Amino acid sequence: MVRLEDDPFTPELGCGFNDWVCYGQEGVARLIGQACKAMGNFIGDMITNAFLGAQASAGDWAIAGGHFWFWVAIASVLVLGVGFWQIAVAVILQQPGRMLQIVGGMIAGVFLSVMALQWMPNIVSAFSGVTSQLTAGLNGSGGVGGAVINVLGLGEGIDGIGYTIKANSPVMAIATVVTPGSGSLNVIGPLMLALVALGVISLAALLLFISMSIRTFGLIALVAFAPLGLMFYGQPRMKELAEKWGQLALGLLLAEPLAAGMLLLATNIAAGTTSSSMGLLLVSAGAIFAAAFSPLWAVKMVSFAAAEIQTAMGNSQFGQRQGSAAGTGMMRFGMGALGKKVTR
């Protein structure tokens, strides 16, 4: 007899006194069941902490500030050395416009670096706050993490510690598919299938947590190394480095709302679907995998947009130059024709 009423992940097979094979199968089934429980708790922790625990603290920004001033000292020596050399050349060549351009670029680089240190923590908090407000408006106070956990059928554990698999969850529906009279093998099979599904989702949740942690570390590192990327803004050949710094910062800032939006859309669609339990779990795993690569996608999207803007501006300037050249040519042609007519 198979008993699943109390806890499907701790089945009782009703083994006889000397039925060691049955006891062995019961032990395997319980081992798989406990692994399912552990994975459910792991998934809940990873998804929740991906949007809450992976945020930078005030201490993290303070550490970034300490490294910032270290790199300011190093970059200042290089910037001042190159700048004074260029100013000396401009004085010799008597190019006051170039001198103003060099000095203005040096001031702009210092200003941008200091603003990165002062504003980046507030900007990151603002993006996180907007994401939380939008997700809360669409899904209630649970936010995107709560939405994913609800779709997966996870709830708070005993005394609010950890997470547990709820009775009406897709995983529970898979684990309790038992044909009466089939014995222990039909208990181990569904539990094994549930374990595989939870394993895939656990990997996706782990990647999501790692990607959001890398995003946070990347933003902190951008602030720490901002002098190397921004203080050379006034140098024409180094200006591209500052632009790359800005593109990377904007991409990492957009990664969190992009991941939250993808997960929230997937969970809202999955909540209203009538597909099988396994299909629902696979769709959820796919959405989490996709969201895990949101930092890469956001950076690529910003880089593509920046390249398109630069191309459009270049084409516009080229068109203006071509139009100006054509107008000058037509004017010269008209003046020449007029001159010939007068000489006749």
Side-chain angles (χ1 to χ4, degrees), residues 50-76 78-79 104-135 144 208-262 291-313:
F51 294 97
L52 295 178
Q55 299 296 328
S57 64
D60 296 331
W61 294 118
I63 294 174
H67 287 264
F68 173 89
W69 294 113
F70 170 77
W71 290 111
V72 163
I74 295 178
S76 297
L78 299 176
V79 171
M106 294 171 61
I107 295 174
V110 174
F111 176 79
L112 290 175
S113 299
V114 175
M115 289 302 98
L117 175 63
Q118 298 295 326
W119 290 356
M120 184 63 79
N122 297 328
I123 294 175
V124 172
S125 299
F127 268 82
S128 299
V130 171
T131 301
S132 300
Q133 292 296 326
L134 292 177
T135 55
V144 62
L208 177 63
F209 174 77
I210 292 175
S211 68
M212 291 295 104
S213 299
I214 292 175
R215 167 192 174 269
T216 301
F217 175 78
L219 290 171
I220 295 173
L222 283 175
V223 171
F225 295 101
L228 296 180
L230 298 178
M231 289 185 68
F232 294 94
Y233 180 77
Q235 304 298 322
R237 296 184 179 181
M238 299 292 289
K239 189 175 182 180
E240 185 178 355
L241 182 61
E243 294 175 353
K244 292 294 184 182
W245 187 96
Q247 293 175 12
L248 183 58
L250 181 57
L252 292 178
L253 286 171
L254 293 175
E256 182 182 14
L258 178 61
M262 293 172 59
F293 292 93
S294 59
L296 177 62
W297 291 357
V299 172
K300 290 290 185 182
M301 180 178 64
V302 172
S303 299
F304 175 77
E308 289 297 314
I309 292 173
Q310 291 178 354
T311 302
M313 293 177 63

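All figures in this text were calculated on a predicted structure; none of them were measured in a lab.
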Worked check of side chain to side chain contact (heavy atoms under 4.5 Å, CB included) between L228 and W245
CA-CA 10 Å; L228 296 180; W245 187 96; over 6 Å; no

What is the minimum heavy-atom distance between S113 and L230, and which atoms define it?
OG-CB, 3.4 Å

Between N122 and S125, do the side chains contain a donor N or O and an acceptor N or O under 3.5 Å apart?
no

Output the distance between atom CZ (F68) and atom CD (Q118), rounded to the nearest 0.5 Å.
8.0 Å

Yes or no on side chain to side chain contact (heavy atoms under 4.5 Å, CB included) for L254 and F127, after CA distance, side-chain angles and deciding distance?
CA-CA 8 Å; L254 293 175; F127 268 82; 3.7 Å; yes

Output all residues satisfying side chain to side chain contact (heavy atoms under 4.5 Å, CB included) with S303, sequence neighbours left out; order by chain, then residue number.
Q247, V299

Under the rule for side-chain hydrogen bond (donor to acceptor under 3.5 Å, both in side chains), what residues qualify as partners of S211, not counting sequence neighbours?
none

Could you tell me which non-hydrogen atom of V72 sits nearest to which non-hydrogen atom of P227, and how far apart they are?
CG2-CG, 3.4 Å

Among all residues two or more places apart in sequence or in another chain, which pass the side chain to side chain contact (heavy atoms under 4.5 Å, CB included) test with I214?
I210

Compare every heavy atom of A116 with every heavy atom of V223, then report the nearest pair and how far apart it is.
CG2-O, 4.0 Å

Flag if over 12 foreign heavy atoms under 6.0 Å of CD, E243
yes

May I ask you to decide if A226's main-chain N or O and W71's side chain share a donor-acceptor pair within less than 3.5 Å?
no

Shortest non-hydrogen contact between A255 and M212, atoms and distance:
O-CE, 4.4 Å

If you measure from CH2 on W61 to CG on L117, what distance do you get to the nearest 0.5 Å?
9.5 Å

How many angstroms lie between CD1 in I123 and OG in S128, if you round to the nearest 0.5 Å?
12.0 Å

Quick check for you: to the nearest 0.5 Å, what is the distance between L222 atom CG and L248 atom CG?
4.5 Å

Looking only at heavy atoms, which two atoms of L258 and S294 are closest? And how far apart?
CD2-O, 3.8 Å

To the nearest 0.5 Å, atom CG of L253 lies from atom CZ of R215 at 6.5 Å

